[in-house]
Amino acid sequence: MTSFSVNAYLKAHMRTVPDWPAPGVQFRDITPLLQNPRVFRVMIDAFVHRYMDPALRPDVVAGLDARGFILGAVVAYELNIGFVPIRKKGKLPFTTVEETYELEYGSATVELHTDAVKPGDRVLLIDDLIATGGTMMAGKKLLEKLGATVVEGAAIVDLPELGGSHKLRESGLSLFTLVDFSGH
């Protein structure tokens, strides 16, 4: 019997797009993981099985705009818990809290409804990829502003050379990723 590696399986189904969105960038495209129903199920199941553990089980899943919505909503559904979106500024219709973070060139702001979580809620924060860590850090800060505890940050892909996962761990955030793309 052969050993099954979720990491290798998912990596084999991802697409690398060279020189996008800029020369020298190796873009890690997750859309093939979503297109194939078997691959999508393996990926979602890896998250769901982890968060069924009572020590890690969240009260709610928060997904980061936009691909974190795809993962987060399905994981929340499978865990039978709620889902809340953390959106780019100006996209949410109700009263919000916001957090601005730095990008390579400029800054961005994300928002969360003020009633999205309650003080003491245990939250799983999920996105597709960790690069510089700015978006996930901003999401963590938003959730904490409302009194929630982020039990873990999760993503399909970690790009460790960009420093985001190291920065997030240094901030005290536990991380779980399925695929590591060290190097090129």
Side-chain angles (χ1 to χ4, degrees), residues 6-7 10 28 30 43-92 94-103 107-181:
V6 171
N7 180 322
L10 295 179
R28 308 305 181 177
I30 65 146
M43 178 180 64
I44 293 299
D45 284 352
F47 287 118
V48 170
H49 292 164
R50 177 173 180 82
Y51 297 108
M52 285 177 143
D53 179 336
L56 292 172
R57 189 167 177 81
D59 299 313
V60 67
V61 176
L64 291 158
D65 202 339
R67 289 174 294 240
F69 297 172
I70 299 165
L71 302 173
V74 177
V75 170
Y77 175 82
E78 289 292 326
L79 291 172
N80 196 33
I81 59 177
F83 172 79
V84 297
I86 296 176
R87 301 283 325 254
K88 293 175 179 135
K89 186 174 176 68
K91 300 290 184 180
L92 292 172
F94 187 63
T95 309
T96 61
V97 289
E98 66 179 47
E99 186 69 31
T100 299
Y101 60 99
E102 296 306 310
L103 299 168
S107 63
T109 302
V110 288
E111 295 179 318
L112 179 65
H113 279 152
T114 54
D115 64 354
V117 294
K118 299 181 300 300
D121 276 352
R122 294 170 44 85
V123 182
L124 167 62
L125 180 58
I126 196 164
D127 204 358
D128 65 325
L129 181 140
I130 298 173
T132 64
T135 309
M136 189 164 282
M137 184 66 76
K140 176 181 183 287
K141 288 178 181 177
L142 277 178
L143 292 160
E144 290 172 346
K145 278 183 186 179
L146 297 178
T149 300
V150 179
V151 293
E152 197 159 67
I156 301 166
V157 177
D158 182 18
L159 302 174
E161 291 180 355
L162 296 179
S165 55
H166 177 73
K167 180 173 104 178
L168 290 164
R169 285 186 179 103
E170 277 191 335
S171 80
L173 182 62
S174 175
L175 292 178
F176 175 70
T177 58
L178 299 174
V179 177
D180 181 319
F181 267 108

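This is a predicted model, so every value here is computed, not measured.
- With sequence neighbours excluded, the residues satisfying side chain to side chain contact (heavy atoms under 4.5 Å, CB included) with S107 are T100, E102.
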Using a 3.5 Å cut-off and no angle test, enumerate the donor-acceptor pairs between side-chain atoms of residues 141-153 and protein atoms at least two apart in sequence or in another chain.
residue, atom, partner, partner atom, Å
E144, OE1, K140, NZ, 3.4
E144, OE2, K140, NZ, 2.9
K145, NZ, E98, O, 2.6
K145, NZ, E99, OE1, 3.1
E152, OE1, R50, NE, 2.8
E152, OE1, R50, NH2, 3.3
E152, OE1, Y51, OH, 2.5
E152, OE2, R50, NH2, 2.9
E152, OE2, S174, OG, 2.9

Show me the donor-acceptor pairs, under 3.5 Å and distance only, between side chains in residues 71-83 and residues at least two apart or in other chains.
none

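- Residues passing the side chain to side chain contact (heavy atoms under 4.5 Å, CB included) test with A66: none are found, sequence neighbours excluded.
- The side-chain hydrogen bond (donor to acceptor under 3.5 Å, both in side chains) check on D45 picks up nothing, with sequence neighbours excluded.
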Less than 3.5 Å apart, which donor and acceptor atoms pair up between the side chains of residues 127-136 and the rest of the protein, not counting sequence neighbours?
residue, atom, partner, partner atom, Å
D128, OD2, R67, NE, 2.5
D128, OD2, R67, NH2, 3.3
T135, OG1, Y101, OH, 3.1

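- With rounding to the nearest 0.5 angstrom, the NE2 atom of H113 is 4.0 Å from the CG atom of L92.
- For S171, the side-chain hydrogen bond (donor to acceptor under 3.5 Å, both in side chains) test picks out no residue, with sequence neighbours left out.
- Sorted by first and then second residue, the ring pair (Phe, Tyr, Trp, His ring centres under 6.0 Å) pairs involving residues 123-171 (not counting sequence neighbours) form an empty list.
- The list of salt bridge (charged side-chain N to carboxylate O under 4.0 Å, His left out) pairs with a residue in residues 114-126, not counting sequence neighbours, reads K118-D121.
- Partners of T96 by side-chain hydrogen bond (donor to acceptor under 3.5 Å, both in side chains), not counting sequence neighbours, listed by chain and number: E111.
- A search for side-chain hydrogen bond (donor to acceptor under 3.5 Å, both in side chains) contacts involving D59 returns nothing, not counting sequence neighbours.
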